[in-house]
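No experiment lies behind these values; they were computed from the predicted model shown. All chains are named by letter (A, B, ...) in the order of the sequence lines, taking the proteins before the strands, and each is independently numbered beginning at 1.
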Amino acid sequence: MKSEPQVYSIEDLKQENTTIWDGVRNYQARNYLKQMQIGDIAFFYHSNCKNIGIIGLMKIVETNVFDRTQFDTKSPYFDEKATENKPRWHTVKVQFKEKFEEIISLNTLKQQFTEEELLVVKKGNRLSVIPVPENTAQKILLMSSK
DNA sequence: GCCAACGTTGGC
DNA sequence: GCCAACGTTGGC
């Protein structure tokens, strides 16, 4: 799950402990959010910044949460086509789990994994929520504990 | 349903 | 700041 650290970083999550992962406005990403289950582990990815890469772990603690920002006219994520009765955007609540001592940089990820193994290394990939195959996830966890 | 125009993401 | 690679919008 990607976030721009200038907007919301893993430090922010660490301080808050939990947060509703709102602001996703892409149907494919939303569908991946939908598939998540309570207890699932997600990687926190810092994007569009100086140190790009996977910075830590979080846990999914609630699923099918309404993204309230879609109803908020003052929010940049306001969606005029969404109503309380017919919301378009739901998401998950995540809990801070771990911040890696060292970021696993995009460069490292590119060296270790193919596009098939880890979609985030694919050029032009813009999805902010991406599934990670189990094999790949296990390898990344090993890399983080070095 | 096609596709040009436009807007956004995100690495570099 | 640039720009490739998308996704979305809207006219037709």
**Q** Quick check: on DNA chain C, is the nucleotide nearest A/G124 upstream (toward 5') of the one nearest A/N48, or the reverse? Name the residue that is more 5'.
**A**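 Closest to the 5' end, via its nearest nucleotide, is A/N48.
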
**Q** What is the distance, to the nearest angstrom, from the CG atom on A/N51 to the P atom on B/dG10?
**A**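 Atom-to-atom, A/N51 to B/dG10, this comes out as 17 Å.
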
**Q** Give a yes or no on whether a salt bridge exists between A/E11 and A/K99, defined as a side-chain N under 4.0 angstrom from a carboxylate O.
**A**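 So A/E11 pairs with A/K99 through a salt bridge.
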
**Q** Select one nucleotide: of C/dT8, C/dG7, B/dG11, the one nearest the side-chain heavy atoms of A/Q28.
**A**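 Of C/dT8, C/dG7, B/dG11, C/dG7 is nearest to the side chain of A/Q28.
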
**Q** Of the options B/dC12, B/dG10, C/dT8, whose atoms approach the side-chain atoms of A/Y27 most closely?
**A**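 Within the option list, the nearest is C/dT8.
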
**Q** Could you check which residues of residues 73-85 of chain A get a heavy atom under 4.0 Å from DNA chain B? Sort them by number, please.
**A**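 The stretch gives none, as no residue of it lies under 4.0 Å from the strand.
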
**Q** Under 4.0 Å between a side-chain N or O of A/Y45 and OP1 or OP2 of B/dT9?
**A**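 Indeed not, no polar side-chain atom of A/Y45 lies that close.
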
**Q** For A/T136 and A/E117, indicate whether the former's side chain and the latter's backbone hold a donor-acceptor pair under 3.5 Å.
**A**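 Yes, A/T136 side chain to A/E117 backbone: donor-acceptor pair under 3.5 Å.
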
**Q** Taking CD in A/Q6 as the centre, count heavy atoms belonging to other residues, nucleotides or ligands within less than 6.0 Å. Is the count above 12?
**A**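 Yes - once you tally the heavy atoms of other residues, nucleotides and ligands closer than 6.0 Å, there are more than 12.
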
**Q** Grab the NE2-C1' distance between A/H46 and B/dG11 for me, whole Å please.
**A**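 Rounded to whole Å, this separation is 16 Å.
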
**Q** Would you mind telling me which of A/F71, A/Y77, A/Y27 makes a ring-ring contact (aromatic ring centres under 6.0 Å, His included) with A/W89?
**A**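 Only one of A/F71, A/Y77, A/Y27 forms a ring-ring contact (aromatic ring centres under 6.0 Å, His included) with A/W89, namely A/Y27.
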
**Q** Let me know the distance between CG of A/L119 and P of B/dG10, rounded to the nearest Å.
**A**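 Nearest whole value for this atom pair: 14 Å.
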
**Q** Do A/S144 side-chain atoms and A/F100 backbone N/O form a donor-acceptor pair below 3.5 Å?
**A**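 Here the side-chain-to-backbone pair does not exist.
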
**Q** Please report the distance, rounded to the nearest Å, between CG in A/N125 and C1' in B/dT8.
**A**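 Result: 14 Å.
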
**Q** Between C/dG7 atom C1' and A/N31 atom CG, what is the distance in whole Å?
**A**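 Going from A/N31 (CG) to C/dG7 (C1'), I get 14 Å.
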
**Q** Do A/R88 side-chain atoms and A/Q70 backbone N/O form a donor-acceptor pair below 3.5 Å?
**A**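 Answer holds: no.
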
**Q** In whole angstroms, how far is the P atom of C/dT8 from the CH2 atom of A/W89?
**A**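 Result: 7 Å.
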
**Q** Please report the distance, rounded to the nearest Å, between NZ in A/K123 and P in B/dG11.
**A**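 Nearest whole value for this atom pair: 13 Å.
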
**Q** A/K2 side chain N/O closer than 4.0 Å to the phosphate oxygens (OP1, OP2) of B/dT9?
**A**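 False: A/K2 side-chain N/O out of range (4.0 Å or more) of B/dT9 OP1/OP2.
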
**Q** Has A/E102 got more than 12 heavy atoms of other residues, nucleotides or ligands less than 6.0 Å from its CD?
**A**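 No, because the 6.0 Å sphere around CD of A/E102 holds 12 heavy atoms or fewer from other groups.
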
**Q** With heavy atoms under 4.0 Å as the rule, sort A/K122 into base, sugar-phosphate or nothing.
**A**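 The answer is nothing, as A/K122 stays clear of every strand by at least 4.0 Å.
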
**Q** Nearest-Å distance, CG (A/N26) to P (C/dT9)?
**A**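 Spelled out: CG on A/N26 to P on C/dT9 is 11 Å.
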
